Each structure stands twice: as C-alpha cells, then as structure tokens.
Amino acid sequence: MSPCTRWLLVTGVRTATGCFVVPMATGMSLTLCFLTLRHKRPKAKYILWPRIDQKSCFKSMITAGFEPVVIENVLEGDELRTDLNAVKSRILELGAENILCVHSTTSCFAPRVPDRLEGLAEICAKYDIPHIVNNAYGVQSSKCMHLIQQGARRGRIDAFVQSLDKNFMVPVGGAVVAGFDDSFLEEISKMYPGRASASPSLDVLITLLSLGASGYKNLLTERKELFAYLANELKTLAAKHNERLLDTPQNPISLAMSLKNMNDKGTSAITQLGSMLFTRQVSGARVVPLGTSQTVSGHVFKGFMSHSNDYPCAYLNAASAIGIKKQDIDLFIKRLDKCLRQCRKEKPVEVVASGAPPTTDEEITELTKDLTASLHVEAEDLD
C-alpha cells in the first residue's frame with residue numbers, strides 16, 4: 001500500500017482501494033479523469049456540475065472537450081446547497097447516456113458548502129452515471145472525507161481528486177487521484193501521456209515520512225481547533241462593526257462575514273477593502289462584492305465568486321487551512337479590524353480605492369513589529 005493510500009485511510013476514506021500522484025495541479029488532474037471516461041461513454045457530451053465559482057473547475061471540463069451543464073445552487077438560510085431536484089431534472093432532459101459524469105465538489109469557499117455527496121452518489125448509481133469529486137482541500141477535513149466515504153457506501157463515486165500543496169504543504173504542481181476501483185484508477189494513470197517530473201511524488205513522500213501518522217493527525221486536530229477559534233474571533237469582530245458571521249455550519253474550512261454596511265457605499269468600497277488587506281500582507285482572505293459578472297470560456301457567470309446569481313449580501317472570506325497558527329489568526333483579525341475602521345472614516349476615493357499601503361510612521365512601525373513577531377514565531381517552529 002502506497003503512503004498516500006495509507007494517509008487517505010487515516011483521514012477517513014477507509015474503503016479507498018488505491019491512489020496515485022499526478023505531476024499536475026487539481027484542474028488538469030480532473031481533466032485526465034474526464035478524458036479517461038470518454039472511452040467508456042463515447043456518446044456522452046455533457047458534464048453536470050453544481051456551480052462553484054473557481055475557474056480551474058470549469059476549465060477542466062472545457063479542456064477535456066465537454067459541455068458543462070451548470071446546476072445553480074439553492075439558498076438555505078445563509079448556505080448555498082446542491083439542488084438535487086435540478087440534477088435529476090437535467091438527467092431526464094438530456095438523457096443519462098449523453099452525460100459523461102456528475103462533477104461535484106467538497107471543499108469550497110463559504111457561504112457555499114460541500115455538495116450533497118450522498119444524494120448525488122445515489123442519483124449516479126440509479127442512472128448509471130459516473131461521479132468525479134473535486135476534493136481539492138478536502139483531505140484536511142474529516143467532514144469532507146466522511147462525505148466521500150458515505151457517498152461511496154450509499155451510491156457511486158468513481159474517483160476523487162485532491163491537491164498536494166493544499167493538503168500536504170508541499171510545492172504547487174501535484175495532485176492525488178484516488179478511488180474505489182483499482183482497474184479504473186489504472187486506466188486514468190495510463191491516460192497520462194509521456195514522462196514527467198518525479199518531484200511531486202518525492203515531495204509528498206518526504207513530507208509524510210517526516211511527519212508520520214501522529215504528526216499529520218496533530219496538524220489536522222490543530223486546524224480543526226483553530227477553525228473554531230477563527231469563527232469566534234471573526235464573529236466578535238463582525239458584531240463590533242455591525243456585521244455578522246454568516247451561518248454556514250456545513251462548511252468545515254471556510255467562513256464568511258457579511259459586508260452589508262460597506263455595500264451601501266458601492267462596489268468600489270468592497271474591492272477597496274480587499275486591496276487594503278492585500279497591501280498589508282493579508283493574502284488569504286478575499287472580498288466578494290454583489291453584481292459581478294465574468295465570462296469564463298464563453299459562459300457568463302452572474303454574481304461571480306459568490307457561487308450564485310444573486311446572493312443577498314457582499315461578504316469577506318477567511319479560512320482555517322492545515323498549517324495555520326493562532327498567531328496568524330490574531331494578526332489577521334487585528335489588520336482586518338484596522339482596515340474596516342479606516343474604511344468607515346470615508347477617506348477620499350482616490351486614496352482608498354487604490355488600497356495604498358500604509359505611509360504614516362505609526363502604521364509602518366506597527367507592520368514592522370508584526371513582521372518581526374511572525375519571523376520570531378517561524379524561527380521558534382524551526383528550532
């Protein structure tokens with residue numbers, strides 16, 4: 001049994017029969033799965049895809065030569081969830097034989113939550129349609145892995161793909177393709193053309209041997225605990241600024257805080273906040289304004305980045321990913337609080353719209369102290 005397969009068993013998918021490392025990121029690895037299915041279903045031209053606003057997911061289907069059928073999510077409370085009735089309706093409309101597969105997602109940005117994998121897996125089993133799962137961030141989440149395990153137990157999941165860098169903290173450029181049928185996994189692996197670098201396999205092997213099972217489990221436990229801490233801190237901060245933490249209990253990695261008050265000032269105020277955070281070295285958070293449209297490979301997505309045509313409010317995302325530390329959260333909350341306070345002062349548009357970096361002596365001194373503290377923490381970890 002390979003080290004990666006053993007790690008998948010440790011993290012919750014206990015009936016997975018195997019996996020292999022691909023020297024490509026998640027999007028192209030998904031494309032490889034779709035191209036393999038082409039030989040099994042030569043008449044198929046459609047892929048059913050519950051909407052998630054990440055370009056690589058959409059492009060993976062286009063690159064493979066198939067037509068994505070976008071299934072819009074349904075709003076339940078604050079959460080965006082899978083519309084199983086719409087999936088069934090499109091299957092009956094298009095014909096099961098014309099559908100290559102259902103392409104579902106586990107890990108995602110709130111307020112979208114993981115797809116209803118059990119329901120989708122049951123539908124796929126009923127209509128004999130393959131099911132490929134984008135599990136990009138999911139290995140670090142016991143909830144995501146449990147969803148895959150339950151989906152395979154109750155219905156059909158042919159393969160699930162996860163990113164190496166997002167789950168194992170190695171350099172970008174690798175993915176793990178796993179599944180419950182060794183013969184299908186072998187077909188996918190043989191579809192890869194030519195030779196490739198062994199670096200992704202070597203990186204993950206060294207990392208897993210270095211951490212060991214107990215070390216990796218400790219990181220997973222720490223991430224889970226810090227997710228609760230981040231949620232509490234973000235909820236407190238939101239209340240302070242007359243906003244609220246959106247209620248998305250089904251999302252185990254990502255959180256969202258409303259930006260309703262800023263939205264009253266227009267889209268530029270929302271994007272300004274994102275720019276201010278980025279120039280203050282907060283690169284993980286993202287702001288999502290209302291009414292943004294974007295065309296991806298000829299398809300127009302209304303409300304792009306919000307996973308919905310008309311989500312009720314603008315919001316800010318933050319996530320607790322593997323490797324995060326309490327100091328990271330404290331520093332993020334501190335800088336977000338300061339940026340929100342500065343935005344409320346309504347500075348001239350030409351100053352704040354650019355998200356200009358701090359220029360006062362006080363701000364520069366503060367950032368220097370923060371950076372020194374971060375470097376000190378990292379040095380302690382290395383020791």
Side-chain angles (χ1 to χ4, degrees), residues 8 12-19 26 29-52 57-58 60-62 64-74 80-108 112-136 138 143-162 176-188 191 250:
L8 292 177
V13 184
R14 302 187 181 281
T15 58
T17 58
C19 68
T26 307
S29 298
L30 287 167
T31 296
L32 195 66
C33 295
F34 301 144
L35 290 173
T36 304
L37 287 174
R38 181 193 292 277
H39 297 285
K40 292 177 171 290
R41 301 173 73 83
K43 295 182 180 179
K45 59 180 294 188
Y46 303 106
I47 296 179
L48 299 190
W49 180 63
R51 177 177 170 178
I52 175 169
C57 307
F58 191 77
S60 69
M61 299 177 283
I62 297 292
F66 295 96
E67 183 179 333
V69 177
V70 181
I71 307 296
E72 291 293 337
N73 301 301
V74 291
L80 290 167
R81 307 212 63 188
T82 317
D83 189 342
L84 295 178
N85 290 329
V87 173
K88 294 178 185 176
S89 176
R90 295 313 298 266
I91 291 174
L92 296 175
E93 177 187 339
L94 299 171
E97 69 282 0
N98 296 317
I99 298 172
L100 181 80
C101 67
V102 171
H103 176 195
S104 63
T105 305
T106 55
S107 54
C108 52
R112 196 194 191 281
V113 300
D115 281 320
R116 290 183 162 105
L117 286 198
E118 290 184 36
L120 290 174
E122 290 173 351
I123 291 172
C124 289
K126 177 180 178 179
Y127 292 99
D128 192 25
I129 297 174
H131 185 187
I132 305 296
V133 180
N134 172 13
N135 189 45
K143 184 179 183 69
C144 289
M145 299 302 275
H146 176 72
L147 289 173
I148 293 173
Q149 177 62 49
Q150 287 299 98
R153 185 179 68 83
R154 297 187 56 176
R156 176 173 179 172
I157 291 179
D158 294 75
F160 55 104
V161 180
Q162 33 277 309
V176 176
V177 179
F180 306 91
D181 181 350
D182 285 337
S183 62
F184 180 57
L185 289 176
E186 186 176 355
E187 288 181 46
I188 300 174
M191 181 62 65
Q250 302 301 320

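Being a predicted model, the structure only gives us computed values, none of them experimental. Numbering of residues begins at 1 and proceeds along the displayed sequence.
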### Message
Is there a side-chain contact (heavy atoms from CB on, under 4.5 Å) between V102 and I123? Walk through the geometry before answering.
### Response
CA-CA 10 Å; V102 171; I123 291 172; 5.9 Å; no
### Task
Please round to the nearest 0.5 Å and tell me the distance separating atom CG of L30 and atom CG of L35.
11.0 Å
### Message
Please find the pair of heavy atoms, one from P130 and one from C124, that lie closest to each other, and give the distance.
### Response
O-SG, 4.0 Å
### Message
Using every non-hydrogen atom in the two residues, find where C144 and N135 come nearest and quote the distance to one decimal.
### Response
CB-OD1, 4.0 Å
### Inter-residue atom distance N73.CG - C108.SG, 0.5 Å rounding
8.5 Å
### Task
Determine whether K43 and E97 make a side-chain contact, defined as any pair of heavy atoms from C-beta on separated by less than 4.5 Å.
no
### Query
Within the side chain of R116, is there an N or O that forms a donor-acceptor pair under 3.5 Å with the backbone of R81?
no
### Task
Output the distance between atom CD (E118) and atom CG (L84), rounded to the nearest 0.5 Å.
10.5 Å
### Task
Could you tell me which residues satisfy ring pair (Phe, Tyr, Trp, His ring centres under 6.0 Å) with Y127, sequence neighbours excluded, listed by chain and number?
none
### Query
Do M61 and L100 come close enough that some side-chain heavy atom pair is under 4.5 Å?
no
### Query
Listed by chain and number, what are the side-chain contact (heavy atoms from CB on, under 4.5 Å) partners of E122, not counting sequence neighbours?
R154
### Task
Output the distance between atom CG (L8) and atom CZ (R14), rounded to the nearest 0.5 Å.
12.0 Å
### Task
Evaluate the criterion side-chain contact (heavy atoms from CB on, under 4.5 Å) for residue pair V133 and L117; output intermediate values, then yes/no.
CA-CA 9 Å; V133 180; L117 286 198; 4.2 Å; yes
### Message
Could you work out, with side-chain contact (heavy atoms from CB on, under 4.5 Å) as the rule, every residue matching T15, not counting sequence neighbours?
### Response
Q149, F180
## Note on the structure
Contacts of A121 meeting side-chain contact (heavy atoms from CB on, under 4.5 Å) (sequence neighbours excluded), chain-then-number -> H131, I157
### Query
Run the side-chain contact (heavy atoms from CB on, under 4.5 Å) check on V87 and D83 step by step: do they pass?
CA-CA 7 Å; V87 173; D83 189 342; 5.9 Å; no
#### Entry: Shortest non-hydrogen contact between A159 and I188, atoms and distance
CB-CD1, 4.3 Å
### Task
Give a yes or no on whether the backbone of K45 and the side-chain of E67 come within a donor-acceptor separation of less than 3.5 Å.
no
### Query
Can you check whether P68 reaches I62 side chain to side chain, under 4.5 Å on heavy atoms?
yes
### Query
Which is it for T106 and K143 under the side-chain contact (heavy atoms from CB on, under 4.5 Å) test, yes or no, and what are the steps along the way?
CA-CA 9 Å; T106 55; K143 184 179 183 69; over 6 Å; no
### Query
If every non-hydrogen atom of A96 is compared with every non-hydrogen atom of R41, which pair is closest and at what distance?
O-NH2, 2.7 Å
### Query
With sequence neighbours excluded, what pairs up with K40 under the side-chain contact (heavy atoms from CB on, under 4.5 Å) test?
L37, F184, E187
### Message
My understanding is that only residues two or more places apart in sequence, or in another chain, count here; which of them pass ring pair (Phe, Tyr, Trp, His ring centres under 6.0 Å) with F34?
### Response
H103
### Task
Compare every heavy atom of P114 with every heavy atom of L147, then report the nearest pair and how far apart it is.
CD1-CB, 3.7 Å
#### Entry: Distance in Å, L120 CG paired with R156 CZ, rounded so as to fall on 0.5 Å steps
13.5 Å
### Query
Are V177 and C33 close enough that some pair of their side-chain heavy atoms sits under 4.5 Å apart?
yes
#### Entry: Distance in Å, N134 CG paired with W49 CH2, rounded so as to fall on 0.5 Å steps
10.0 Å
